[in-house]
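This report refers to the structure that appears directly beneath it.
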Amino acid sequence: MKTSNKLLYCFTIFLLVGASAQGQFLKKLSKKAQKAAERTVERRVEKETTKKTDQALDSILEPGSGNGQAPNTQDNPAGTPNGTNENQTNEGPIATGPKTLAVYSKFDFVPGDKPIYQDDFSQDFIGDFPVKWNTNGSGEVVNLEGSPDKWYAITNRSLTVPNMSRKLPDDFTMEFDLKVTNLSRNTGSGAKLGIYLSETPNLSTSENNVLANLNFCQYIAIGVQVDNNFKGDPAPITNTLQRDLRQVYQDVVHVSIAVNKNRYRLWINETKIVDLPQFIVKPDMINYAKFYVTGINEEKNGERVLISNLKINEGGVDLRRKLLAEGKISTNGILFNSGSADILPQSMGIIRQISQVLAQDGGIKLKIVGHTDADGSDESNLKLSQARAESVKKALTTVYGIAPDRLMAEGKGESVPVGDNTTAEGKAQNRRVEFIKL
């Protein structure tokens, strides 16, 4: 009996102590939950306040860009490695489907104004390897069904290099169109297009370089991986900028890259994905572009990586300062559909800069002069150049709210060439738009 009483007594004490400890634990847990809830509310309030502030600033700084709605943004992930900064990129969803001038009205990519290399594969035969390229694998020029445009299909596990006649300068831009066929849930995380800016034109990546990997995986969202690899660099950058690009890659996308010495920026369509101010550790070691495809299964899934309309230009400077200082600029970066005056949306970075000059100084008036290459008759080119100048004027007035009486449009056709009309590079130089202060 005594033993039973002792056991009963101990068991009772255990229950009382356990209940007390449980009560204290629940009390602490309740306080933590309350604090977490308070932090969540604070973050929500701060986010909404920031959004309203952005809308107000947009209505002041961008009076012609729409209804003053702030872009859709998401919080940046904390703890990005090696000090990389995503604050300069747009975090909202990337637009898919048909592109419009309004969508691109805040696109701030400005292509260089001196062509270095370009290839649309128009001079290549379907089924052949493109003549202006080199590879350690294979590839061929193809058509997409229903389109006359030609594309270079890069074979899986192939490193391929455009045969450039000169090294890349400190300031340059690179653009190309990209299409990946037959993407599906079977497209894995290893499916990538690596865009290298590298030291030599050799078919190798074991040298000083910077790399952006576009990942085409469809069952999870991966985004864009960036790496820089410079011998002796004590703090190399390796980062993956998380973005959901799965639906974007179902369509043709336009990739734009701008390098200004140490700074590296990359856009997909109108959205800036990468902006790294010290990515190019040794600018003198970045001389050539290379492309590498991996993880693509053509035989089983019909997947292929296609690129077209590659343009590499020297420059990419701030045209606003140049126009104010010199009173005149000429640019090859305002692009049109072939044979028409329809402005391609990726040209809006330049037009946006021109609008900012006009908005800053209400006394400035500009003449917009269109030029063409020598393909076609003199009469048709003169008419086309005039229509293109009018299209640029219309974009400035309708998208950015510039008064029409401050702008004059003129076409000069093929009459004032600045390049050789017998070469693709020379024709690209001649297809240009000038802005002249009156």
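The residues of the chain are indexed from 1 along the displayed sequence.
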Given the rule in the side-chain contact (heavy atoms from CB on, under 4.5 Å) test, do Thr173 and Ile257 qualify, once you have shown the distances and angles that lead to the verdict?
-> CA-CA 6 Å; Thr173 61; Ile257 295 171; over 6 Å; no
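- Of the possible polar contacts, one joining the Ser347 side chain to the Leu344 backbone as a donor-acceptor pair under 3.5 Å is found.
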Report the C-alpha separation of Lys367 and Val369 in whole Å, then their side-chain angles, then the decisive distance to 0.1 Å, and conclude whether the side-chain contact (heavy atoms from CB on, under 4.5 Å) test is met.
-> CA-CA 6 Å; Lys367 178 164 68 173; Val369 183; 3.9 Å; yes
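- Test Lys272, His254, Glu270, Glu175 against Phe109 for side chain to side chain contact (heavy atoms under 4.5 Å, CB included) and you get one pass: Glu175.
- Applying the salt bridge (charged side-chain N to carboxylate O under 4.0 Å, His left out) test between Lys427 and each of Asp373, Asp375, Asp120 identifies Asp375 as the sole match.
- Within 6.0 Å of atom CD in Glu410, more than 12 heavy atoms from other residues, nucleotides or ligands are found, so the atom counts as buried in its surroundings.
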Walk me through it: do Val357 and Leu324 pass the test side-chain contact (heavy atoms from CB on, under 4.5 Å)?
-> CA-CA 8 Å; Val357 173; Leu324 289 171; 3.7 Å; yes
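- For Ser308 (side chain) and Trp151 (main-chain N/O), no donor-acceptor pair under 3.5 Å exists by modelled atom type.
- A donor-acceptor contact shorter than 3.5 Å links the side chain of Lys150 to the backbone of Asp124.
- Side-chain atoms of Gln386 and Glu390 include a donor-acceptor pair closer than 3.5 Å.
- Under a 3.5 Å cut-off, the side chain of Asn156 and the backbone N or O of Gly295 do form a donor-acceptor pair.
- Side-chain atoms of Thr200 and Glu207 include a donor-acceptor pair closer than 3.5 Å.
- Smallest separation of non-hydrogen atoms from Asn215 and Gly188: OD1-O, 4.3 Å.
- Screening Thr271, Ile222, Ile268, Val224 for a side chain to side chain contact (heavy atoms under 4.5 Å, CB included) with Arg243, the sole residue that qualifies is Thr271.
- For Lys192 (side chain) and Cys217 (main-chain N/O), no donor-acceptor pair under 3.5 Å exists by modelled atom type.
- Comment: Arg304 engages Glu298 in a salt bridge, judged by a side-chain N to carboxylate O separation of less than 4.0 angstrom.
- Under the 4.5 Å side-chain criterion, counting only non-hydrogen atoms from C-beta, Leu366 is not in contact with Met408.
- Looking at Asp177 and Asn309, their side chains do bring a donor and an acceptor atom within 3.5 Å of each other.
- A salt bridge does not link Lys282 to Asp284: none of the charged side-chain nitrogens sits closer than 4.0 Å to a carboxylate oxygen.
- Salt bridge present: Glu314 and Arg166 bring a charged side-chain N and a carboxylate O closer than 4.0 Å.
- Phe121 and Trp133 have tilted rings, their planes meeting at an angle from 30° to 60° on a 0 to 90° scale.
- Closest approach of Pro115 to Asn313, counting heavy atoms only: CA-OD1, 3.2 Å.
- Counting heavy atoms from C-beta on, the side chains of Leu193 and Tyr292 never come closer than 4.5 Å.
- If you take NZ on Lys393 and CD1 on Ile351, they are separated by 14.0 Å, rounding to the nearest 0.5 Å.
- The distance from atom CD1 of Ile329 to atom CZ of Arg320, rounded to the nearest 0.5 Å, is 11.0 Å.
- Of all heavy-atom pairs spanning Arg431 and Asn332, the tightest one is O-ND2, 3.3 Å.
- Of the candidates Phe129, Phe291, Phe176, Tyr152 forms a ring pair (Phe, Tyr, Trp, His ring centres under 6.0 Å) with just one, namely Phe129.
- Judged by distance alone, the side chains of Gln218 and Ser184 never bring a donor and an acceptor atom under 3.5 Å apart.
- In this structure, Asp361 contributes its side chain and Gly363 its backbone to a donor-acceptor pair below 3.5 Å.
- Put simply, the side chain of Leu358 reaches to within 4.5 Å of the side chain of Arg406, judged on heavy atoms.
- In this structure, Thr181 contributes its side chain and Glu303 its backbone to no donor-acceptor pair below 3.5 Å.
- With a 4.5 Å cut-off on side-chain heavy atoms, Phe336 and Asp342 do not count as touching.
- Using a 4.5 Å cut-off on side-chain heavy atoms (C-beta onward), Asn209 and Leu197 make no contact.
- Note: Asn381 CG to Glu414 CD = 4.5 Å, rounded to the nearest 0.5 Å.
- Side chains of Ser204 and Asn202: a donor-acceptor N/O pair is absent below 3.5 angstrom, by distance only.
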Give the C-alpha distance, both sets of side-chain angles, the deciding distance and a yes or no for salt bridge (Lys or Arg N to Asp or Glu O under 4.0 Å) between Lys365 and Asp405.
-> CA-CA 8 Å; Lys365 294 185 177 182; Asp405 59 3; over 6 Å; no
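- Contact check for Val255 versus Trp267: no side-chain heavy atoms found under the 4.5 Å cut-off.
- In this structure, Asn430 contributes its side chain and Val418 its backbone to a donor-acceptor pair below 3.5 Å.
- Rounding to the nearest 0.5 angstrom, the gap separating the CD atom in Glu199 from the CG atom in Asn208 is 4.5 Å.
- Taking both residues in full, the closest heavy atoms of Asn182 and Thr187 are given as O-OG1, 4.3 Å, listed atom of the first, atom of the second, then distance.
- Taking Ser330 as the reference, Arg432, Glu434 meet the side chain to side chain contact (heavy atoms under 4.5 Å, CB included) condition, with sequence neighbours excluded.
- What you find for Ser391 and Ala341 is that their closest heavy atoms are OG-O, 2.8 Å.
- In this structure, Gly411 and Leu382 approach most closely via the heavy-atom pair O-CD1, 3.3 Å.
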Hey, mind stepping through Val392 and Arg388 against side-chain contact (heavy atoms from CB on, under 4.5 Å) and telling me if it holds?
-> CA-CA 6 Å; Val392 175; Arg388 287 179 170 177; 5.8 Å; no
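- Judged by distance alone, the side chains of Thr160 and Ser158 never bring a donor and an acceptor atom under 3.5 Å apart.
- Asn163 contributes atom CG, which lies 10.5 Å from atom OH of Tyr288 (distance to the nearest 0.5 angstrom).
- Judged by the 6.0 Å and 45° rule, Lys167 forms no cation-pi pair with Phe172.
- Formation of a donor-acceptor pair under 3.5 Å by the Gln118 side chain with backbone atoms of Lys311 is not found in this model.
- Asn228 contributes a side-chain N or O that, together with a main-chain N or O of Ile237, makes up a donor-acceptor pair within less than 3.5 Å.
- Distance check: Ile350 CD1 to Leu335 CG gives 7.5 Å after rounding to the nearest 0.5 Å.
- Atom NZ of Lys394 has 12 or fewer heavy atoms from other residues, nucleotides or ligands within 6.0 Å.
- When side chains are defined from C-beta on, Gln278 does not count as touching Tyr264, because their heavy atoms never get closer than 4.5 Å.
- With a 4.5 Å cut-off on side-chain heavy atoms, Asp149 and Leu144 do not count as touching.
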